[in-house]
Amino acid sequence: METLEDLRKKLDRIDDQIIALYEQRMEVCGAVGEYKVKAGRKVFDSQREKEKLADAASKVSGEFNKKGIRELYQQLMSMSRKLQYQQLVEAGALGRLPFIRIDALDRDSARVVFQGTEGAYSQAAMRQFFGEAVNSFHVRTFREAMEAIEEGAADYAVLPIENSTAGPVIEMYDLLDEFENYIVVETILPVVHTLAGLPGAELGDIRRVYSKTEALMQTARFLDEHSGWERISVVNTAIAAKKVIEDKDITQAAVCSSYAAQVHGLSVLADGINDDMDNSTRFIVVTNQKVFLRNASKISIRFELPHQSGSLYGILSHFIYNDLNMTKIESRPIKGMPWEYCFFVDFEGNLEDAAVKNAIRGLREESKNLKILGNY
């Protein structure tokens, strides 16, 4: 009986042969790539790959080996494609990305829209980035904000896309997909909730508390200590503050920011009432121009994939191969296509980076309806 060491030596000899054959294969793949560059041929030929996988599987016995050889050849062909994408990029065949690099945003003369009302967290995020003197106006819905910049009524919109505790703002992903608007900046705003009431009110006076549903959830521990209070959901925290001041009812209070309380003339009855004091919201600055800042370091994209096994696995390999750090992935249903999904991915990089160009070339070839949502 052979020892484990003998068996490992056998494997090493076989592996040496595999490595040598792999290098030979990649040399031929390089020659194929050169031909495709000169002839203007596409890299990805799905029918050819299906035929190759079926042929390879037919030459081995047993279901386990058939699955194994298919996976092996999927990886071999994936590496071949990546080499050919690299050759295409080096030959200048990426195709010019329709984004223009700029050095800075025009903060001084820009007109900015935010969703909500005076005192909204979106307004605070807008002022955090554009400054107190920003020329701004507000609209009722996220859609109206996207329409305002698409139509040119505003240069930029400031909109929430993710909260550290409540998760993504799903509607924003759908709107980024629908509109030809693009992310140019992100800014993160700490979310510190307060309980605010009429001037002169005390905690013992309160009977009803108004706020956005998520804000009521994020302050549940504090509110549970006052079990007699009725909790009532409204559109957002700033509207809650506005309602309290307009109703002039000393038994009413709002869960809102100290900024909203100040804007609407309320008194802070309790500060920092979040269950999680590390709560923050990521806001995006969106414009209708395809531009990106010179120092942009994150890219957001959207794409669709064939509804078949392994398609997402294959597409994510482009990030791994090009050493790009993927920071987020979300899926959303595709309208009119039940049980099929598109994907939103954030990854680190700049549109001028060679690795990013390589990855985008592969993503364009192997996915459907790729859209760059912004580099920021």
Side-chain angles (χ1 to χ4, degrees), residues 99 105 110 112-117 120-130 134 136 138-150 154-193 212-215 217-218 235-238 257 259 274 276 278-293 296-303 325-334 341-349 351 370-376:
F99 283 80
L105 301 186
V112 185
V113 61
F114 66 94
Q115 180 272 335
T117 188
Y121 277 109
S122 292
Q123 185 182 36
M126 176 190 68
R127 293 191 173 186
Q128 175 175 275
F129 181 75
F130 286 98
V134 60
S136 67
H138 57 86
V139 292
R140 188 175 57 87
T141 66
F142 296 145
R143 174 173 290 278
E144 288 171 341
M146 295 291 271
E147 289 172 344
I149 52 173
E150 184 180 61
D155 300 302
Y156 303 104
V158 178
L159 298 161
I161 194 165
E162 182 181 17
N163 179 266
S164 59
T165 59
V169 182
I170 295 300
E171 184 182 353
M172 280 311 307
Y173 287 96
D174 293 338
L175 292 173
L176 285 168
D177 188 12
E178 178 181 346
F179 286 83
E180 290 299 319
N181 297 327
Y182 305 92
I183 308 168
V184 287
V185 168
E186 71 175 2
T187 185
I188 297 174
L189 183 76
V191 176
V192 181
H193 293 308
K212 187 176 181 178
T213 301
E214 289 83 355
M217 292 170 57
Q218 291 164 1
V235 174
N236 61 47
T237 57
S257 67
Y259 176 71
N274 307 50
D276 180 0
D278 292 326
N279 188 9
S280 59
T281 297
R282 183 164 67 97
F283 288 83
I284 52 175
V285 178
V286 184
T287 183
N288 65 0
Q289 302 297 309
K290 289 185 175 182
V291 296
F292 67 100
L293 291 168
S297 59
K298 181 189 288 186
I299 298 170
S300 292
I301 59 174
R302 178 266 190 210
F303 56 84
N325 183 32
M326 189 175 71
T327 58
K328 187 175 181 63
I329 183 169
E330 296 283 345
S331 64
R332 294 290 296 142
I334 301 173
Y341 298 85
C342 62
F343 295 88
F344 294 85
V345 170
D346 293 349
F347 62 98
E348 294 175 354
L351 287 174
L370 174 70
K371 180 181 180 182
I372 299 173
L373 302 174
N375 187 192
Y376 49 99

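In terms of heavy-atom proximity, N163 sits nearest to S280 at ND2-O, 3.2 Å. When all heavy atoms of P160 and T281 are compared, the pair lying nearest together is CB-CG2, 3.9 Å. Residues F347 and M326 share a closest heavy-atom pair of CB-CA, 3.9 Å. In plain terms, the two heavy atoms of F99 and I372 that are nearest each other are CZ-O, 3.6 Å. In terms of heavy atoms, K371 sits closest to L176 at NZ-O, 2.7 Å. The shortest heavy-atom contact between S122 and V158 is O-CG1, 4.0 Å.
When side chains are defined from C-beta on, I161 counts as touching Y173, because their heavy atoms get closer than 4.5 Å. Looking at F343 and I329, their side chains come closer than 4.5 Å, going by heavy atoms from C-beta outward. The closest side-chain heavy-atom distance from V285 to F130 is below 4.5 Å. Here the side chains of V286 and V184 are not in contact, with every heavy-atom distance at 4.5 Å or above.
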Practice prompt. Could you check I183 against V185 for side-chain contact (heavy atoms from CB on, under 4.5 Å), going step by step and ending with a plain yes or no?
Written response: CA-CA 6 Å; I183 308 168; V185 168; over 6 Å; no
Fill in: Verdict with reasoning, N279 to Q218, per side-chain hydrogen bond (donor to acceptor under 3.5 Å, both in side chains)
CA-CA 9 Å; N279 188 9; Q218 291 164 1; 3.1 Å; yes
Practice prompt. Take D155 and T287 through the test side-chain contact (heavy atoms from CB on, under 4.5 Å) and record every step on the way to the result.
Written response: CA-CA 6 Å; D155 300 302; T287 183; 5.6 Å; no
Worksheet item: Can you list the steps and then say if I170 with R332 is a side-chain contact (heavy atoms from CB on, under 4.5 Å)?
Response: CA-CA 8 Å; I170 295 300; R332 294 290 296 142; 3.0 Å; yes
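Rounded to the nearest 0.5 angstrom, Q115 CD and M126 CE are separated by 12.5 Å. Within the model, atoms CG of L175 and CD of E150 stand 10.5 Å from one another, a figure rounded to the nearest 0.5 Å. To the nearest 0.5 Å, atom CD1 of residue I149 and atom OH of residue Y182 are 11.0 Å apart. In this structure, R127 CZ and L189 CG are separated by 13.0 Å, a value rounded to the nearest 0.5 Å. Distance check, rounded to the nearest 0.5 Å: CD of E180 to CG of L373 gives 9.5 Å. Here the straight-line distance linking atom CG of L105 with atom CZ of F129 works out to 5.0 Å at 0.5 Å rounding.
H138 and F114 have tilted rings, their planes meeting at an angle from 30° to 60° on a 0 to 90° scale.
Not a single side chain to side chain donor-acceptor pair (under 3.5 Å) links S136 to another residue, sequence neighbours left out. Contacts of S257 classified as side chain to side chain contact (heavy atoms under 4.5 Å, CB included), with partners at least two apart in sequence or in another chain: Y121, Y259, A260. Residues satisfying the side chain to side chain donor-acceptor pair (under 3.5 Å) test with T187, not counting sequence neighbours, are Q128. Legend: residues meeting side chain to side chain donor-acceptor pair (under 3.5 Å) with E186, ordered by chain and number and at least two apart, are R282, K298. Taking D177 as the reference, R302 meet the side chain to side chain donor-acceptor pair (under 3.5 Å) condition, with sequence neighbours excluded. Here E348 pairs with nothing under the salt bridge (charged side-chain N to carboxylate O under 4.0 Å, His left out) rule; sequence neighbours left out.
One N or O on the side chain of N375 and one on the backbone of G349 form a donor-acceptor pair closer than 3.5 Å. In this structure, the side chain of N181 engages the main chain of M146 through a donor-acceptor pair within 3.5 Å. Judged by distance alone, with hydrogens and angles left aside, the side-chain atoms of E144 form a donor-acceptor pair with the main-chain N or O of R140 at under 3.5 Å.
In the model, D346 has no side-chain atom that pairs as donor or acceptor with a side-chain atom of T327 under 3.5 Å. Side-chain polar atoms of Y376 and S297 form no donor-acceptor pair below 3.5 angstrom.
We find that E171 and R143 are not joined by a salt bridge, their nearest charged nitrogen and carboxylate oxygen being 4.0 Å or further apart.
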